[in-house]
*Asks:* 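Quick one: structure below, then a few questions.
We name chains A, B, ... by the order of the sequence lines, and we start the count at 1 in each one.
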Amino acid sequence: MPQPKIQPRLPKGMRDFLPADMIKREYVFSIVREVFHLFGFEPLQTPVLELHETLMGKYGEDAEKLIFNAQHPGGKEELALRYDLTVPLARVVAQYQNEISLPFRRYQLSPVWRAERPQRGRYREFYQCDADIVGAAGMNADAEIVALITTVLRRLGIPQFTVKINNRKLLTAIGKYAGVEGDALANLYRSVDKFDKIGADGVREELIQRGLPANVTERVMTLVAAQVAPADRLDFVEDVMGSLPEAKVAIHELRELIAHLDTMGVPAEHREFDQTMVRGLGYYTGPIFETLINEPNLGSVTGGGRYDDLVGLFRGESLPTTGTALGIERIIDVMDILNLYPPGIGGTVVEVFVAVFDETTRSASTALAAELRTGGVRTELYMQDKSVGKQMAYADKKGVPVVALLGADEIAAGVVKFKRLRDGVEISAPRAEAAAQARALIKG
RNA sequence: GUGAGUGUAGCUCAGCUGGUUAGAGCGCCUGUCUGUGGAACAGGAGGUCGAGGGUUCAAACCCCUUCACUCACCCCA
């Protein structure tokens, strides 16, 4: 009876990662963790499922439609897959007030789920790495977040990126300045945010289409479309609407933030004030950040900002908090396209492949593999019964750097032969020095 | 959720205005090479042409439905 075959398929927008991919992903993860530790952020982990009520009412109506619900038959609790790592953080901070001392610096590297339509650089299951500082109101906290982002991206070798910086309060001020209120404000932001994409004319057109009066549109446009060099933009915005109280606060915060960035040595080429940058999520209250990579444009690679009131939804009393999410998937896509992995990152973790000549030498090969492993060399011992040529081909295809050859001759001589596949160099090493010589051959 | 495009071997694709046994390159397997991979040469396996229905003497090709993927919008990492 032939077995009925089940189609091997994956849910929409979700992916498997085969070993060669995982090795690259883990490299990126390791750099990210290293830099986060360098900045004094501590790891946190939360469940993939949250109570439905924990997530609802935090992201805005549109975003909530993208939350995956998760139920089992007869389940009493309403559950949902987490949509981001920020709301779970807010819950944790409120839930463990006695255990957590402020300011709380934590990072979390975990998958999140969004039921969006998949596209390039957009998946339904993807990893985010969030770093946040809870309980710090000063702009120095926001500056650390920006410094963290630039350090990670530089460590990864990404050549061209810009952290765009704006302030939610400035956007509010723009609304005031132009005379826009209520629902129209959200539409205004949406159009302004597209400035990079559709240009000044595009924004003007959209604003008119959305029914804004001509004079209002023009006031917005003077602020948005001005051809001002990034370094002078803040001065320009201050000239235009510095008298508005909201703008005053926002500009002061931005200047403070920039001063901190200078002190911290964050290169100016990697940051830019942009009054047209808007973040979609509803909970931001102060500075906002977003990172774009010009070369392969896959959308924003980080996003974040200050959200002083979110924790208060769980805690009753609000807590000033700022942070960012790194879009690990998009960063990895960029790394892949630009091939930014160090040469040592291959398709395998194996350093030495131990070939088995025949059944009479198998036990000697097995012993050698054990010796190499004891010596700290990552070793694969061949398990099948095939010709040495086939074994070499297998090792080569897999990308193993060195093959250990141990036939009757070597056994008799008390040595082992190592062959480096990259260039075919062979050495003969006494058994006692096997691990050390193998390591030297890999490095050389 | 809205709109457009694509769907032929493991991968990338070809297949003229519908015509009989559906092709190429790469990859894979075998051999030349019974203690050695990457090259060359020779051979080989592998496809219900996404699925279902319809038109026709005849469909990979035309029509309908459906699914999947891609792109744009929306939104976002």
Side-chain angles (χ1 to χ4, degrees), chain A residues 7-15 18 28 32 59-67 83-86 109-130 149 153 186-187 189-191 193-194 197-198 202 206 277-282 289-293 297-305 323-334 353-358 360-361 365 382 386-412 416-426:
Chain A
Q7 274 303 314
R9 299 197 307 139
L10 229 37
K12 189 197 286 283
M14 305 201 178
R15 301 164 297 162
L18 298 182
V28 173
V32 169
Y59 304 109
E61 218 178 297
D62 286 345
E64 275 173 15
K65 282 188 261 178
L66 304 179
I67 293 174
Y83 178 88
D84 68 3
L85 303 175
T86 309
L109 180 40
S110 303
V112 302
W113 291 266
R114 298 182 186 177
E116 292 190 277
R117 198 135 164 178
Q119 250 176 67
R120 169 138 89 132
R122 176 184 291 184
Y123 310 97
R124 287 187 156 191
E125 177 182 58
F126 61 97
Y127 274 72
Q128 282 194 164
C129 189
D130 278 35
I149 293 167
L153 296 179
N187 284 332
Y189 295 157
R190 263 190 264 278
S191 298
D193 193 28
K194 288 193 210 161
K197 208 172 205 172
I198 63 179
E206 269 206 34
M277 191 270 286
V278 181
R279 302 246 69 232
L281 292 177
F289 326 113
E290 182 168 291
T291 305
L292 298 178
I293 292 172
N297 187 1
L298 301 176
S300 54
V301 109
T302 82
T324 189
L326 302 195
I328 299 289
E329 309 297 348
R330 288 183 180 176
I331 291 172
I332 288 170
D333 285 348
V334 170
F353 174 89
V354 177
V356 176
F357 279 68
D358 54 56
T360 67
T361 65
S365 289
Y382 197 61
K386 289 200 177 161
S387 74
V388 171
K390 289 281 187 300
Q391 296 183 46
M392 301 279 295
Y394 166 84
D396 187 41
K397 187 188 164 199
K398 205 166 151 175
V400 180
V402 166
V403 173
L405 298 160
L406 189 61
D409 298 349
E410 286 79 11
I411 294 170
V416 53
K417 201 186 272 178
F418 289 114
K419 176 163 183 169
R420 184 163 65 197
L421 296 187
R422 170 159 49 87
D423 52 11
V425 166
E426 283 188 16

*Asks:* Picking from rC76(B), rC73(B), rG35(B), which would you name as closest to the side chain of Arg330(A)?
*Replies:*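 From the listed options, rC76(B) comes nearest.
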
*Asks:* Taking all heavy atoms of Ala355(A) and all of Ser365(A), pick out the closest pair and write down the distance.
*Replies:* O-OG, 3.1 Å

*Asks:* So, OP1 or OP2 of rG31(B): does either fall under 4.0 Å of a side-chain N or O from Lys390(A)?
*Replies:* yes

*Asks:* When the nearest nucleotide of RNA chain B is assigned to Leu326(A) and to Pro118(A) on a heavy-atom basis, which residue is associated with the more 5' position?
*Replies:* Pro118(A)

*Asks:* Looking only at non-hydrogen atoms, find the nearest pair between Ala395(A) and Val403(A) and report the distance.
*Replies:*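 Distance-wise, the nearest heavy atoms are CB-CG2, 3.8 Å.
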
*Asks:* Applying side chain to side chain contact (heavy atoms under 4.5 Å, CB included), run through Leu66(A) and Tyr59(A) and close with a yes or a no.
*Replies:* CA-CA 10 Å; Leu66(A) 304 179; Tyr59(A) 304 109; over 6 Å; no

*Asks:* Going through the distances and angles, do Asp130(A) and Thr86(A) end up as a side chain to side chain contact (heavy atoms under 4.5 Å, CB included)?
*Replies:* CA-CA 7 Å; Asp130(A) 278 35; Thr86(A) 309; 3.2 Å; yes

*Asks:* How far apart are the closest heavy atoms of Arg279(A) and Phe289(A), and which atoms are they?
*Replies:* CD-O, 3.3 Å

*Asks:* Just call it for Arg422(A): base, sugar-phosphate, or nothing, with non-hydrogen atoms closer than 4.0 Å on any strand.
*Replies:*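 It contacts base atoms.
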
*Asks:* Does RNA chain B take part in any stems of at least 3 consecutive Watson-Crick or G-U pairs (both distances under 3.5 Å), and if so, which ones?
*Replies:*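 The stems are B:1-7 with B:67-73, B:10-13 with B:23-26, B:28-32 with B:40-44, B:50-54 with B:62-66.
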
*Asks:* Classify the side chain of Glu426(A) and the base of rU36(B) as holding, or not holding, a donor-acceptor pair under 3.5 Å.
*Replies:* yes

*Asks:* Roughly how many Å apart are rC28(B) and rG46(B), using the C1' atom of each and rounding to a whole number?
*Replies:*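 Going atom to atom, C1' in each nucleotide, I get 9 Å.
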
*Asks:* Determine the Euclidean distance between corresponding C1' atoms of rG27(B) and rG38(B); express it in Å to zero decimal places.
*Replies:*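 rG38(B) and rG27(B) have their C1' atoms separated by 15 Å.
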
*Asks:* What distance, rounded to whole Å, do you find between the two P atoms, one in rU12(B) and one in rU70(B)?
*Replies:* 12 Å

*Asks:* Please give the distance between the C1' atoms of rC16(B) and rC61(B) as a whole number of Å.
*Replies:*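 Result for the C1' pair: 11 Å, nearest Å.
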
*Asks:* If the cut-off is 4.0 Å, is Lys197(A) near the phosphate of rC73(B), judged by side-chain N/O to OP1 or OP2?
*Replies:* yes

*Asks:* On RNA chain B, nearest-nucleotide positions of Tyr127(A) versus Val425(A): which is more 5'?
*Replies:* Val425(A)

*Asks:* Can you tell me, in whole Å, how much space there is between the C1' of rA24(B) and that of rA14(B)?
*Replies:* 7 Å

*Asks:* Just how far is it from atom CG of Asp409(A) to atom OG1 of Thr361(A), taken to the nearest 0.5 Å?
*Replies:* 11.0 Å

*Asks:* After noting the C-alpha distance and the side-chain angles of Arg124(A) and Trp113(A), does the key distance pass the side chain to side chain contact (heavy atoms under 4.5 Å, CB included) rule?
*Replies:* CA-CA 5 Å; Arg124(A) 287 187 156 191; Trp113(A) 291 266; 5.9 Å; no

*Asks:* How is Lys417(A) classified with respect to the nucleic acid when contacts are heavy atoms under 4.0 Å: base, sugar-phosphate, or nothing?
*Replies:* base

*Asks:* Look at the side chain of Val388(A) and decide which nucleotide, out of rC76(B), rU36(B), rC75(B), has an atom nearest to it.
*Replies:*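 Selected nucleotide: rU36(B).
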
*Asks:* Which heavy-atom pair separates Val28(A) from Ile331(A) by the least distance, and what is that distance?
*Replies:* CG1-CG2, 4.4 Å

*Asks:* In sequence, state the C-alpha distance, the side-chain angles, and the governing distance for Arg114(A) and Phe126(A), and then conclude on side chain to side chain contact (heavy atoms under 4.5 Å, CB included).
*Replies:* CA-CA 9 Å; Arg114(A) 298 182 186 177; Phe126(A) 61 97; 3.8 Å; yes

*Asks:* Report yes if at least one side-chain N or O of Arg117(A) is closer than 4.0 Å to OP1 or OP2 of rC74(B); otherwise report no.
*Replies:* no

*Asks:* For rC71(B) versus rC13(B), give the span between their P atoms, rounded off to a whole number of Å.
*Replies:*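 It works out to 14 Å between them.
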
*Asks:* Rounded to the nearest 0.5 Å, what separates atom NZ in Lys12(A) from atom CZ in Arg117(A)?
*Replies:*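 If we round to the nearest 0.5 Å, Lys12(A):NZ and Arg117(A):CZ are 6.5 Å apart.
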
*Asks:* Determine the contact category for Asp358(A): base if any of its heavy atoms lies under 4.0 Å from a base atom, sugar-phosphate if only primed atoms, P, OP1 or OP2 are that close, otherwise nothing.
*Replies:*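 Answer is nothing: Asp358(A) stays at 4.0 Å or more from every strand.
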
*Asks:* Look at all strands and tell whether Thr302(A) reaches a base, only sugar-phosphate, or nothing, counting heavy atoms closer than 4.0 Å.
*Replies:* sugar-phosphate

*Asks:* Taking atom P in both rC73(B) and rU21(B), what distance in whole Å separates the two?
*Replies:* 46 Å

*Asks:* Base, sugar-phosphate, or nothing: which does Glu410(A) touch, judged by heavy atoms less than 4.0 Å apart?
*Replies:*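 Base contact - Glu410(A) has a heavy atom under 4.0 Å of at least one base atom.
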
*Asks:* What's the gap between rU32(B) and rU20(B) when it is taken at their C1' atoms, as a whole Å value?
*Replies:* 39 Å

*Asks:* For the base of rC76(B), is there a side-chain donor-acceptor partner from Arg279(A) under 3.5 Å away?
*Replies:*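 Answer is no: no donor-acceptor pair is held.
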
*Asks:* Taking RNA chain B as the partner, which of residues 392-399 of chain A come within under 4.0 angstrom of it by heavy atom?
*Replies:*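 Of all residues in residues 392-399 of chain A, the ones placing a heavy atom under 4.0 Å from RNA chain B are Met392(A), Ala393(A), Asp396(A).
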
*Asks:* Just N and O in the side chain of Gln119(A): are any of them under 4.0 Å from OP1 or OP2 of rA72(B)?
*Replies:*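 Yes, because at least one side-chain N or O of Gln119(A) sits under 4.0 Å from OP1 or OP2 of rA72(B).
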
*Asks:* With side chains defined as the heavy atoms from C-beta onward, is the minimum distance between Met14(A) and Tyr123(A) less than 4.5 Å?
*Replies:*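 No, their side chains stay 4.5 Å or more apart.
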
